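Here the structure is laid out as structure tokens; the discussion comes afterwards.
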Amino acid sequence: MTQELKLQRVTPEELPKVLEQLNSEQQIIELAIFGPDLLITTAPEDWPPPLQTHSVFQLTANLLELPHELLKLKQLKSLILFSADLWDRDAKAIAENLTQLTFLNLGRNNVGNTGARSIAENLEQLTSLYLGFNQIGNDGARSISQKLCSLTLLELSRNQVGDAGAQAIAEHLGQLTLLNLDLNEIGDVGARAIAEHLGKLNNLSLAAKGFTEKRVSDAGAQSIAEHLGELTSLNLDLHEIGDVGVRAIAEHLPKLKLLKLRGNKIEDNGVKAIAKHLSQLTSLDLSLNQKITNIDSLAKLPLHLLNVSKTGVISLLPLKSSILSGVQVKWSDTLGQGAGIYVGNCPLIRPPVEIIKQGPEAVLNYFREIEAQGTDRLFEAKLLIVGEGGAGKTSLLRRMFHPKMDLPAEEETTKGIDIYRHDFPIEGDRTFRLNAWDFGGQQIYHATHQFFLTKRSLYVLVDDTRTDAKSIHDEGLKFWLEVVETLSERSPLLIFQNEKGGRSKKIDEPGIKGRFANVKDVYRGNLEHFGSADVLRKAVELFALQLPHIGEDVPAKWIVIRDELEELAQARPYISLDDYFAVYSKHLEFDGEKALHLSHYYHDLGVFLHFQSPPELRRTVFLQNKWVTDAVFRILDDEEVKANRGRFTVSDCDRLWADKGYASKDVELRALMERFELAYRLPDMPKETWLVPQHLSPSKPPELGEWAKTGDLVLTFRYEFLPRGLVSRHMVRMHRFVKQPDLCWSHGALFEHGETQVLVETGTRGIEIALRSRGPDQKSLLSVIASDLDALNSSFRGLNDKVSKLVPCICKTCKSLKEPATFEQKELIDRKNRGKLTIECPKPPEYYDVSVIELLEGISFESLPEWAREPKAADEGFAIAVSFPGEHRPFVLEIVEHLAKEFGRERVFYDEWHEALLLGSGGDLKLQECYKQAKLVIPFFSEHYTKPWCTMEWETIRGILLTRHKDDAVIPVHLDDTEIQGWPAVNFGIKLKGRSANEIASLILDSYRRRA
Ligand SMILES: Nc1nc2c(ncn2[C@@H]2O[C@H](COP(=O)(O)OP(=O)(O)O)[C@@H](O)[C@H]2O)c(=O)[nH]1
Ligand SMILES: [Mg+2]
């Protein structure tokens, strides 16, 4: 059989015929059929070895019944029927008819205890049995144990087997070499039984469920260690094993190659024990053991996979040599992504988190640079002063940093943002640079907080003692505490009580600190007096020095480059990208990619502003934050713009940006406003016009008065805290569906696609956003709009915990109501996880029981239709980019012509079609950008691909591959058998095999669609 035929897709109707044919044509002995839920995505050559010898079918839909043609395949020795909706009677039929089977896999079905018993009673010669995810309990496990004494492999993961079942297995199945009981209900008793009886095991998997009381402790781990000396692979995820248990495992199980201990109670000593004894370990999972902080000792193990995500690890320096030799560091926690060091959510300072988030290439660069230059630290931070207008923020700043200055006069309220610089000396003759940001009080500024209230900063909240706010229940104080907590990712916050006129006020300090862990201390003083803020200033300096990024070691030259940019910033509000590159090249050998890694890092830290997209912004590095914010606020504050309900044109910009060099950067400044989601350009206007949705009317248009109807699809987001301006930002992001801006207001918007409409509206209490969808595509449009709101919520790092989705009831009573009962999505998911599959509707008279699954499915987002995706404007980037050696130009041209029929030439990057993009200086960088933006990159590998020019392209593509590994962004076409250096999987890709250009093009299209 050729490779192409190995995987056949069949409909349930076709299956009987296919089986019949198999029966007549060949003496088939190995057969695999997969249900429609489990798509096989890898190529046959990458399948696990057992599958390689099977005939493999993929069903396009679920089987309605087991075809009896299958039962005629009496000679079958191996059968896989995975996720095919089989029940106990199907298992019985298989067991009674296919009596030659030695290998059986019925994973992810519903065979239950009865099905397990039928298998046990009829298939005594089985050596391998896989019945994961099948509702099997102790009874099923017992039947299997009593009859199937030849089993060497038994997989019963995701069932309900308890200690009793594990004991039965242990007592009867002494031949087992592999036992997988992941996600059952097994504790120490079961673990001990397994340990004492199954001495031949070399692979044991006992990961616990997330929701369970049953866990293995140190005692269980010790028995396993003492008895199962043959183990090479052990999984004890999510138990309660501490350092004692780990030490036993390390000391007694020297053959271990794979060890999984995710989510236990392991600390640094446990890690040391592993390092000391398990010298053959290649794969180790210690994630979710929060007390681990130090993994230095692991450097000597031959690990190619290490997961320490969600631990307290702060430094990867000890693993430097493996990182330099090519092991990738990934800011994630998901395994199954191949080799690497996984460090998602660790408080890393070496390298800094911002570097790791940029991808493995940036990490590699970091280590190379510190090898060459040594390290230094950046002593620079932001201090943000927040609080109600008039509370005394500006006064406090003056008292702290300009003691000689008078307090501001009543009418002198802050406009926009003022930035004070405070330098203070620190150890080693160095200076700490603190930039203190003072916000004006106007509401419109609140919507911009999200961009400036950055993490890794220090906050001071000024509390005005003239108001009565004393505890977290008082709205004024609570609002600011919530703002800082939501936006700043737990940055430290100091409260200053301004005792104006000597008035003091008690404040519920323990209550506030109990609820807001980031509140460090409360200070007070009467700002009329000189020296009243001295204590606070000392505290500010102290806390600034303790900010996490201050401890970060970065390559020494990075600090030198920052210092030079700071000097430039004194005279110039911005510089061009080329100027920045020039500064970089003065200190380090020039490499565009690396220079961009560095600017990205400083941008993330809030040191300066440099967006790497869109192209208008990429070319400018904004050194003075205040210059930028002043320009933006001139538009936001302008009375004419307000009077025009937020609309402004180029002539408004000319009027407002006449001085300070703004005029020559107007395009960039408008792009920045779009990037900040403050404004968008209205389409189809005679004169170029932008809209600031914040300034739309505050009241809902009367046309939309009584909008709700029965039959609407409704989804509600409920917030414990709703950041200001969220709906306006949502409107900017989704403006392609805004057809009538006049039907939008500052707290709501109407989105439309054809005949379908979604009304998004903030509830009167200001804590809910309701989405109502109606029309032929109501589910799709609702999905699009709701997913964007989800994404927006996630962009506030502290918001996800404060928002819940309310799912409307679908019972008969509610279906006839405009306002159906609602359930919290979180509660529904929890019920589903705990196996409680109904919930009672609170509406009389019937109080129906409603299916939890159906409720959840009602709001599950389907894959979206093409119209719902982001538009395909030319600046949206390329769908496909090709890279090829000139020798193959004619052939490649033929292929891209085919692709262009599908996407249009503007979305296929083929050098000759896009020459204009590459003209001028920095052509190589631009080229890299094209490859980066492309959804899919196709290199054509051949002996000619090793030429220098291609090699340079290849370096870029490989970078993309490494960072975009997960979404299959690179698929090569192998024109011959040349191995390309750095390409990890030689087998992966499209092989020429005499195919025509047309055929290759359709394979590429297939891959593209599968990715999308
Ligand atoms: N008498 C007195 N006036 C104060 C005190 N603190 C602030 N002010 C005045 O209150 C007004 C508002 O203060 P300001 O610092 O501008 O508040 P901001 O809007 O929070 O920046 C100004 O006129 C200040 O001079 C104080 O402790 N005593
Ligand atoms: Mg002020």
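Order of listing sets the numbers, starting from 1, for every ligand and every atom in it. Side chains included, hydrogens not; waters and symmetry mates left out as well; all remaining heavy atoms used. Just so we're clear, the structure is a prediction, and the values are computed from it rather than from any experiment.
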Subset of ligand 1 atoms that lie under 4.0 Å from at least one heavy atom of Glu388: 20 (O)

Under a 3.5 Å cutoff, is there a donor and acceptor pairing between the side chains of His549 and Glu354? no

Residue-level breakdown please: for Glu412 versus ligand 1, do any non-hydrogen atoms fall below 4.0 Å on the side chain, on the backbone, on both, or on neither? neither

At the Mg ion (ligand 2), what is the angle formed between atom OG1 of Thr414 and atom OG1 of Thr394, rounded to the nearest 10°? 80°

Measuring from the heavy atoms of Asn498, does anything fall under 4.0 Å of ligand 1? yes

Between Ser599 and Gln612, do the side chains contain a donor N or O and an acceptor N or O under 3.5 Å apart? yes

Give a yes or no answer on whether the side chain of Asn793 reaches the backbone of Leu789 with a donor-acceptor pair at less than 3.5 Å. yes

Given that the side chain starts at C-beta and the backbone is N, CA, C, O, which of these parts of Leu396 lies under 4.0 Å from ligand 1, counting heavy atoms, or is it both or neither? neither

Any N/O/S atom of Thr413 sitting less than 2.8 Å from the Mg ion (ligand 2), backbone or side chain? no

Going by heavy-atom distance to atom 3 (N) of ligand 1, choose the closest among His529, Glu411, Lys500. Lys500

Among Val540, Asp423, Leu545, side-chain contact (heavy atoms from CB on, under 4.5 Å) partner for Leu434: Val540

With rounding to the nearest 0.5 angstrom, report the CD to CG distance, Gln694 to Leu691. 10.5 Å

